[in-house]
Amino acid sequence: MVLKWKSIWKRAECIGLMILSVCMLTACGGKITPKKLMESMSKNMSDLTSFANTVKLDIELEDVLYTTAVSMDINLESTSNPKAGHALGKAHVKMRGAELESVLEVYQVMEEGRRATYSSLDGNWSKEVSENTKGSVITIDDSLFSEMADSVADFHIADGTVDVNGQECYQMYGEVTGENLKGLLGGQMLNAYGLVKLPEEDAISELTIPITFNIYKEKLLPARIVVDMSGAMNGLYDHFEKSTNVNTYSIKLDFDKYGEVPEIQVPEEVKAAAG
């Protein structure tokens with residue numbers, strides 16, 4: 001009898017959590033809106049201890065004499081306490097007739113109240129320390145979801161749902177400023193970690209860029225973020241009277257393993273190699 005009641009109580013508890021999530025999203029009867037989706041996603045992200053995601057970046061820029069192509073596949077992990085991140089992946093670059101493939105790795109941790117970034121290209125490590133602790137070059141600043149809530153009034157929620165990683169998801173799409181996108185993804189990701197030379201260093205900030213959010217329906221957490229900068233970047237190069245034609249400029253992030261990432265620490269051999 002005790003075991004039976006325990007089973008019933010556990011089932012009731014699960015149902016209660018599901019109802020609470022729905023009430024948060026719909027304000028217990030109100031219409032699902034982009035703002036409510038963004039606020040729910042922000043709230044749930046802020047309560048997490050960790051998450052993992054993958055990044056796929058594809059860029060092709062065509063000039064009169066040569067084509068530059070950059071393809072990146074990166075696995076990222078992030079923890080909130082302590083605040084840290086780790087990225088590992090490969091980059092395939094075609095530039096001025098030459099092709100190369102490199103292994104990228106980055107650790108980002110807090111050291112004495114400052115943000116320390118250890119990065120390597122094919123095992124050659126370097127270290128950079130920044131007083132600015134907001135944002136990240138390898139993890140998403142989850143607080144920006146909250147900051148973006150008021151700027152998604154013109155977003156749209158797709159009819160029906162989509163499947164991402166075998167789970168049902170809402171799909172929300174619209175346009176954001178380049179400044180918001182820099183805060184969300186990190187400025188270095190937007191120019192392929194320095195592999196793409198922009199007409200002006202901060203030019204992306206003024207752009208308007210299409211973005212799509214896929215959000216797990218049950219967990220109300222990011223499932224996938226897709227950014228297509230091709231049109232915006234073509235306009236940017238045209239504005240600066242450059243001959244560059246942007247064939248592709250896209251970034252896709254897939255999220256999974258919420259709350260499953262172990263503590264991230266910089267190995268001692270990496271610290272020694274970075275000097």
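What you see below is based on every heavy atom in this structure, not just the backbone, and it leaves out hydrogens, waters and symmetry mates. If you're wondering where the values come from, they're calculated on a predicted model, not measured in any experiment.
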Are V64 and V246 co-members of a hydrophobic cluster defined by side-chain heavy atoms under 4.5 Å apart? no
Is there a donor-acceptor contact under 3.5 Å from the side chain of S46 to the main chain of K43? yes
Is there a chain of hydrophobic side chains (I, L, V, M, F, W, Y, each step under 4.5 Å between heavy atoms) that links Y173 to Y216? no
Quick one: do D228 and S250 satisfy side-chain hydrogen bond (donor to acceptor under 3.5 Å, both in side chains)? Show the steps, please. CA-CA 5 Å; D228 184 357; S250 67; 5.9 Å; no
Hey, is D202 close enough to K182 for a salt bridge, meaning N to O under 4.0 Å? yes
Working note: Y170 + K217, criterion side-chain hydrogen bond (donor to acceptor under 3.5 Å, both in side chains); need CA distance, chi angles, decisive distance, verdict. CA-CA 6 Å; Y170 294 111; K217 185 175 181 179; 4.7 Å; no
Taking every non-hydrogen atom, the tightest pair across L207 and A232: CD2-O, 3.9 Å
With distance as the sole test, does S40 use its side chain to make a donor-acceptor pair with the main-chain N or O of K36 at under 3.5 Å? yes
Not counting sequence neighbours, which residues clear side chain to side chain donor-acceptor pair (under 3.5 Å) with N75? List them please. none
Consider only side-chain N and O atoms of D122 and N124, and report whether a donor and an acceptor are under 3.5 Å apart. no
Is there a path of hydrophobic side-chain contacts, each under 4.5 Å between heavy atoms of I, L, V, M, F, W or Y residues, that connects V164 with I215? no
Take T67 and E62, measure what side-chain hydrogen bond (donor to acceptor under 3.5 Å, both in side chains) needs, and give me the verdict at the end. CA-CA 4 Å; T67 297; E62 188 176 358; 4.8 Å; no
So which heavy atom on Y249 is nearest to which on L190, and how close? OH-O, 2.7 Å
Can you check whether F213 reaches P34 side chain to side chain, under 4.5 Å on heavy atoms? no
